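Written out below as structure tokens is the structure these notes cover.
Since the model is a prediction, treat every value here as computed from it, not as a measurement.
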Amino acid sequence: MNLPKTYEPAEYESDIYALWEKSGVFTAHPESHKERFSISMPPPNETGTLSLGHALFLTLQDIMVRHARQQGKDALWLPGTDHAALAVNALIEKQLTEEGTDKHQIGREAFLARTREFVAASRGTMLGQMRAMGASCDWTRLRYTLDDALNRCVNEVFLKMYEAGVIYRGHRIVNWDPNLETTVSDDEMIYTEEKATFYTFKYGPFEISTARPETKFGDKYVVMHPHDKRYAKYKEGDTFVAEWINGPVTATVIKDEAVDPKFGTGVMTITPWHDRTDFEIAERHSLDKEQIIDFHGKLLPIAGEFAGMPITEARPKIVEKLRQKGLLIKEDPGYIHNVAINERGKGVIEPQIKLQWFVDVNKPAVDWNGKQRTLKEVLQSVVREGDITLIPKRFEKVYFHWIDNLRDWCISRQIWWGHRVPAWYRFHVDGTTETYVGLTPPINDGREGWNEWEQDPDTLDTWFSSALWTWSTLIDPELANDYSLTLNDLLKQSPDYQAYHPTTVMETGWDILFFWVARMILSTTFATGEVPFKTVYLHGLIRAEDGKKMSKSRPESIIDPLDVIPKYGTDALRMALIMGVTPGNDQNWGWSKIEANRNFCNKLWNIARYIESATADSDAGKGEPKTDADHWILLKLQQSADKIDQDITNFRFSEAYGTLYHFVWDDLADWYVEASKIAPNPALLNSVLQSVLIMAHPFAPFVTETIWQTLDGKTEESTLAQQLWPEIPKADAKQAEHFETVKTIVSETRFITKSLGASDATLYFTDVPFLSQNAELIKRLGQLHDVAEVQNGNGLYLTSTSYRCWLDIDQATAREFALQIEIKLKTQQALVERLASRLSNKSYISKAPKEVVEQTKDQLKDAQIQLDAISKEYDRFK
RNA sequence: GGGCAAUUAGCUCAGUUGGCCAGAGCGCGGCGUUCACAUCGCCGAGGUCGCAGGUUCGAGCCCUGCAUUGCCCACCA
């Protein structure tokens, strides 16, 4: 087949993907007896489009899974999408606002219907984009976090945790987002620095400071450190009357070690309802708590004349009032403090006390390795004891530190999109309440005095369901409909779960280590008694070309993979994303990298073009090595294949790709293909090409498969995607070494003739049989007039080889080369001296490993021989 | 406040357990195009591996300190 001159990816990629899908090569086979390899794809949020970040993880995981298939494993890469409760909910609410309505007006059912419609459309787009990236996932097992079977798993885990007392419902201080009107977890908050005014007010006999005067209406406790001498005369429980915003209040003195005597005046008033630290102080001393700000961010009636005002509006007015009362002592306008913001929706978080559902991380209720442990302890244990390995290892510290600071996890959300909390309540006329938690709604038994069961209106944190992802996706969906089966039955009877769990590796970004990875470990160990995965590979973020974050506020900084792919090809994008990139480290987007990799695809393409034209008329055959070059390329191929194989297995993708890149470009294209033009070995060329295509396939699946399909005797049934890692024929090391010498001679010849402008030179040599055999080759590669064997003669001797070779360059021209020789001589002398002095060092001889010493001796011997040659040449010039 | 990382060629970055004269891509200088590829070939220049100590026969790599940059966590009213 005639291939066009350059590789045009857009012409082949979609057909190639369709070919793979048709062949079924991506489908896992739990019934097989092969070794397993499984990855759960981190489900992208169904918000519409894939980013470069998605492109990166799809590439990394695709490399792993394609390579696992090449190793003959039964590989499962399970794809899916996430309902992304908060993100999608916020998006739909924004749409409604723009249409001049809101969710309360249209109602829960209509809202959910509309959201379902939106995500169904997004999902289609996104799945298409995953295919465009070449992702070889098992589409027959596509999952969605809101699937019925997954919902069953969510309810099972909720129930199991509830029964174990790990999930409880209680009044706790939570992070409230007044914009989205929901709680968010600690991890979903980001802090931004803000400059504010720091006010100091007179409060009875004390001075107190605050940046938030609007929370101070209900303050009736002053707190100070028990050992603060300045306030020693005040005792815990002392009361006094202070003039305050809306008149006098009676305040009580409290002593607590949470107060930092060095900060401000060392005295503060507390607002337990709207501050976590204050809440904890209030709990310790059994103090009253009062709500000041409502859930819409407006002041409550306690604020008197300010009631109903949003806090931003009220703040200056309150300050003004206190000033007029003469209570304002100081204003510091340069106060820098952190403001907590919801990562989604950017609402300013207002701590509130609220009745919510929590996961208790400190209750010893988990049966792990025969002991009752807390969720925290299990989280620590599995990483500490090596059940789970993090790559890179340094994230283990980050992980442990996070666990140390971990508080109970608030899992209920006041949004509509998501898994509904599986709890029902009913109320008695006497005011008592009954709670029911279960997989299915309770039946109304019409008991006297009780009203009907009502389901909790809240939904669960998205991460509660994605925490189950590695195994909830492996539950057989049919079995999950059968409620006579327990969760354990489901696990035992689901073939996929039995075959693929725990998954081999979890590959994801370090930025969701806490959100997701840690929570998968938490929930999965609890629910199944197994870890979710054995290895966690964490990749870094992709930043803009200037090293800053890609951000919506700078639209020009965002690169859309779908803009890159048509122009440069998916393969180029994939390789650009892994080239020179190490785990856990961020990378900057670079157009030069993508060009380099597009060029690499073209290089592969043209190697194939050449080989196909050179082997058109020959029989396929096995490909026996004949020439020195043949042996050399086989040796290099073997070494490269081994290294790539090992590096991929050990998650060193950049290294693996580097090896491939240099083998293809430096060894195969620059030397072997050129050599084969003199002494063609078509069968071997063909087999080398096939091996290379297999080795390159995990990195560049499209171009390699496109080429593969053009090879003689290939049919659509034989895709490259299903080929096993190549077996390389044995090569003779001695002959390979001969070709290395040829390379050395050619390189030096090129250097000399280039720097002297001496074209058409002739190379002579004496008594070297393998050089005679490679004479034509040297002549061509060195662009020489001739290469000839003679007994002796004059000219410019080569110094990089111990064989006697010289170029027929006359003394006058060669004289210009004297400086080069001199430099070379000095370098070589330095090298010999270094090696010699190392060997004369007695402690080196006695302490360094023998093989290292031997190596040094050999090096010295070689260096000495070369030095002799150079100095001989140098003397001739003198 | 606590922690993690980075600092290597003009730029962006590799360098796996310490073992020869430190690597890549891009960029730069020179030469080159019938014969797979100008998305190309050939030749070359360019680095006291942030600074200062230490351990070692031997340090870009290990230890200590310092400097600069980035990030994470916590958060004091």
For [X] and [N], what is the distance between atoms [atom1] and [atom2] respectively, to the nearest whole Å?
| X | N | atom1 | atom2 | value |
| --- | --- | --- | --- | --- |
| A/Ile270 | B/C76 | CD1 | P | 13 Å |
| A/Leu835 | B/C57 | CG | P | 20 Å |
| A/Phe600 | B/G25 | CZ | P | 12 Å |
| A/Asn599 | B/C40 | CG | C1' | 9 Å |
| A/Phe263 | B/G1 | CZ | P | 13 Å |
| A/Arg780 | B/G41 | CZ | C1' | 12 Å |
| A/Tyr844 | B/U56 | OH | P | 18 Å |
| A/Lys824 | B/G44 | NZ | P | 10 Å |

Check your understanding: Taking the six-membered ring of A/Trp671, is NZ or CZ of A/Arg750 closer than 6.0 Å to its centre and within 45° of its axis?
Key -> yes
**Study point:** Pi-cation contact, A/Tyr231 with A/Lys255 (under 6.0 Å, within 45°)
**Key:**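 Pair A/Lys255/A/Tyr231 does not count as cation-pi.
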Check whether any side-chain nitrogen or oxygen of [X] sits under 4.0 Å from OP1 or OP2 of [N], and answer yes or no.
| X | N | result |
| --- | --- | --- |
| A/Arg834 | B/C21 | yes |
| A/Lys677 | B/A36 | yes |
| A/Lys643 | B/U16 | no |
| A/Thr277 | B/C76 | yes |
| A/Trp510 | B/C71 | no |
| A/Lys548 | B/U69 | no |

Gap in Å between the two [atom1] atoms, one belonging to [N] and one to [M], rounded:
| N | M | atom1 | value |
| --- | --- | --- | --- |
| B/G60 | B/G15 | C1' | 8 Å |
| B/C73 | B/C11 | C1' | 33 Å |
| B/G47 | B/G53 | P | 23 Å |

Point to revise | Heavy atoms from other residues, nucleotides or ligands near CD of A/Gln783 exceed 12 (cutoff 6.0 Å) | key: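 No, the 6.0 Å shell around CD holds no more than 12 heavy atoms from other groups.
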Review point. Nearest 0.5 Å, what's the CG-NZ distance between A/Asp228 and A/Lys262?
Key: 10.0 Å
Review point. After noting the C-alpha distance and the side-chain angles of A/Asp219 and A/Trp244, does the key distance pass the side-chain hydrogen bond (donor to acceptor under 3.5 Å, both in side chains) rule?
Key: CA-CA 9 Å; A/Asp219 290 11; A/Trp244 199 226; 5.8 Å; no
For a quick check, tell me whether the side chain of [X] and the base of [N] share a donor-acceptor pair closer than 3.5 Å.
| X | N | result |
| --- | --- | --- |
| A/Glu674 | B/A36 | yes |
| A/Asn405 | B/C73 | no |
| A/Lys397 | B/C4 | no |
| A/Lys754 | B/C42 | yes |

Point to revise | Runs of at least three Watson-Crick or G-U pairs with RNA chain B, cut-off 3.5 Å | key: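 Output for stems: B:1-7 with B:67-73, B:10-13 with B:23-26, B:28-32 with B:40-44, B:50-54 with B:62-66.
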**Study point:** With A/Asp862 via side-chain contact (heavy atoms from CB on, under 4.5 Å) - residues at least two apart
**Key:** none
**Study point:** Toward the 5' end of RNA chain B, by each residue's nearest nucleotide, A/Met579 or A/Trp671
**Key:** A/Met579
Practice item. On RNA chain B, check which nucleotide each of A/Asp647 and A/Val259 is closest to and give me the residue with the more 5' one. Key: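 The residue closer to the strand's 5' end, by nearest nucleotide, is A/Asp647.
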Exercise for review: Under the side-chain hydrogen bond (donor to acceptor under 3.5 Å, both in side chains) rule, what do A/Glu748 and A/Ser800 come out as? Steps first, then yes or no, please.
Suggested key: CA-CA 7 Å; A/Glu748 191 179 0; A/Ser800 58; 2.4 Å; yes
Review point. Side chains of A/Phe699 and A/Phe600: does their closest heavy-atom pair fall under 4.5 Å?
Key: no
